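Single-structure report; data block below.
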Amino acid sequence: MTPMRVTLLARHYPPAVSGGARRPFLLAQALRAEGIAVNVVAPSLPEGEPGLAVPHPHRDPPTAPPSPPTWRDAARELLLWPDPDIRWSMRAAHAATALPTPTWIITTSPPESLHAAGAWLKHRTGARWAMDFRDHWLERPHRRERARWWRKTGEAMLARRWLAAADLVIAVDPVIAAELTALGARNAQVVPHGAPPPVAPASLPGDTINVVHTGAIALSDPDCGIEAMLEPFAAALRIMAPRRLHLAGRHTARARPPTAASPASAFCVD
């Protein structure tokens, strides 16, 4: 019996640090635990990871405030669909043809352009294809240009075409699955985030209620601000027992002024 082989394409993967890197990494680990050979194609790979590293000029999200948009930024938004990563995604797809022919291809988004790579590889290799979605595509898009009606209409057409071609559609939660179903996915499956092996418990103060937030905010979604978390926490401090908010993760420089200005700032620990 021929062993199952998987080619996994991911824009975010360790040693890059992000929530988006953890899901494909843990997925690859889980598949290997079942005896499946997994080759990963990503901008960089951990030492000893089977697969190919296809360098990306901006592997890690920037932590500095964004620069003023230029005409080149506007041109990229207008011409590169479904997102500017389409050029890297197709380079990754072409590089993947050097790997052993897979039984399955898995593409995980964002960026959604990786699904263009998956559709191309499915046609090229004859492998089955699974589309994995960690986030919204059109209902609550991170990319501002998708708010324009013509862009949203065009990308919805792309989504329907790729979802119809896929052999399996996976979503991180029922909310994302519902959006995919509305776009034409057949029987989208919910596969929540996996969990890494347990680690030693953190040493937290014992004289207060501890609230721990892990991960990034604006690094994952530039339109999200830390205020949405600080405001209810500050309100709770006024009416409830002493508590401390622990921010465990990478945050942009833009998150520090609102944190310092919040009534909760004295109770926040980086």
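This is a predicted model, so every value here is computed, not measured.
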request  = Side-chain contact test, heavy atoms from C-beta onward, threshold under 4.5 Å: evaluate it for Pro55 versus Ser44 and give yes or no.
outcome  = no
request  = Identify the two heavy atoms, one from His12 and one from Pro110, that lie closest to each other, and give their separation to 0.1 Å.
outcome  = CD2-O, 3.7 Å
query = Are any non-hydrogen side-chain atoms of Ile170 and Thr108 less than 4.5 angstrom apart?
reply = no
ask   = Honestly curious: do Val169 and Met157 fall in one hydrophobic cluster under the side-chain, below-4.5 Å linking rule?
value = no
Gap between atom CZ of Phe133 and atom NE2 of His115 - 0.5 Å precision = 3.5 Å
message = As a quick check of understanding, evaluate side chain to side chain contact (heavy atoms under 4.5 Å, CB included) for Tyr13 and Val41, giving each step before the final call.
response = CA-CA 9 Å; Tyr13 201 82; Val41 182; over 6 Å; no
task = Show the numbers, then the answer: is there a side chain to side chain donor-acceptor pair (under 3.5 Å) between Arg134 and Ser109?
result = CA-CA 6 Å; Arg134 305 188 308 271; Ser109 63; over 6 Å; no
request  = Assess the side chains of Thr101 and Arg5: does a donor N or O sit below 3.5 Å from an acceptor N or O?
outcome  = no
inquiry  = Can you give me the closest heavy-atom contact between Ala164 and Arg186, atom names plus distance?
reply    = O-NH1, 3.4 Å
ask   = Charged N to carboxylate O below 4.0 Å: is that the case for Arg146 and Asp83?
value = yes
ask   = How long is the gap from CG on Leu8 to CD1 on Ile36, to the nearest 0.5 Å?
value = 12.0 Å
ask   = Can you name the closest pair of heavy atoms from Thr107 and Leu114 and give their distance?
value = CG2-O, 3.3 Å
query = Hey, are the side chains of Trp129 and Ile106 touching, using non-hydrogen atoms and a 4.5 Å cut-off?
reply = no
key: Pairwise distance CG(Leu121) to CG(Leu9) - rounded to 0.5 angstrom   = 6.0 Å
inquiry  = Measuring only between side-chain heavy atoms, which start at C-beta, is Trp81 closer than 4.5 Å to Ser113?
reply    = no
ask   = Around His94, counting heavy atoms of other residues, nucleotides and ligands shown, do more than 12 lie under 6.0 Å from its NE2?
value = yes
query = What do you reckon, is CZ of Arg124 surrounded by more than 12 foreign heavy atoms closer than 6.0 Å?
reply = no
message = Grouping I, L, V, M, F, W and Y whenever their side-chain heavy atoms are under 4.5 Å apart, do Val190 and Trp137 come out in a common cluster?
response = no
ask   = What closest approach, in Å, do Pro14 and Ala21 show between heavy atoms, and which atom pair accounts for it?
value = CD-O, 3.5 Å
inquiry  = Assess whether a salt bridge exists between Glu139 and Lys152, defined as any Lys/Arg side-chain N lying under 4.0 Å from an Asp/Glu carboxylate O.
reply    = no
Neighbour count >12 (heavy atoms, 6.0 Å) for atom CH2, Trp149 = no
ask   = Taking side chain as C-beta onward, heavy atoms only, is Val54 less than 4.5 Å from Trp88?
value = yes
query = Hey, is the main chain of His58 close enough, under 3.5 Å, to the side chain of His56 for a donor-acceptor pair?
reply = yes
request  = Determine whether Asp132 and Arg23 make a side-chain contact, defined as any pair of heavy atoms from C-beta on separated by less than 4.5 Å.
outcome  = yes
query = Can you tell me if Arg32 uses its side chain to pair, donor with acceptor, with the backbone of Val38 under 3.5 Å?
reply = yes
ask   = Considering all heavy atoms of both residues, which atom of Met131 and which atom of Ala166 are nearest to each other, and what is their separation?
value = SD-CB, 3.5 Å
query = Honestly curious: do Val175 and Val191 fall in one hydrophobic cluster under the side-chain, below-4.5 Å linking rule?
reply = no
message = If I take atom CG from residue Asn187 and atom CG from residue Leu180, how far apart are they, to the nearest 0.5 angstrom?
response = 12.0 Å
task = Hey, could you give me the CG/CG distance between Leu158 and Leu163, rounded to the nearest 0.5 Å?
result = 10.5 Å
query = Which heavy atom in Ala177 sits nearest to a heavy atom in Ala171, and how many Å separate them?
reply = N-CB, 3.6 Å
message = Assess the residue pair Leu99 and Leu52 against the criterion (side chain to side chain contact (heavy atoms under 4.5 Å, CB included)); give the C-alpha distance rounded to whole Å, side-chain angles, the decisive distance to 0.1 Å, and a yes or no.
response = CA-CA 8 Å; Leu99 296 168; Leu52 291 171; 3.9 Å; yes
request  = May I ask you to test the Trp104-Asp167 pair for a side-chain heavy-atom distance under 4.5 Å?
outcome  = yes
message = Pair Leu45, Val40 - check side chain to side chain contact (heavy atoms under 4.5 Å, CB included), show working.
response = CA-CA 8 Å; Leu45 297 176; Val40 179; 3.7 Å; yes
query = Should Asp85 and Arg11 be marked as a side chain to side chain contact (heavy atoms under 4.5 Å, CB included) after you check the CA-CA gap, both sets of side-chain angles, and the distance that decides it?
reply = CA-CA 9 Å; Asp85 271 316; Arg11 165 69 175 82; 3.5 Å; yes
ask   = Are any side-chain N or O atoms of Glu145 and backbone N or O atoms of Arg151, one a donor and one an acceptor, separated by less than 3.5 Å?
value = no
query = Under 4.5 Å between any side-chain heavy atoms of His193 and Leu26, yes or no?
reply = no
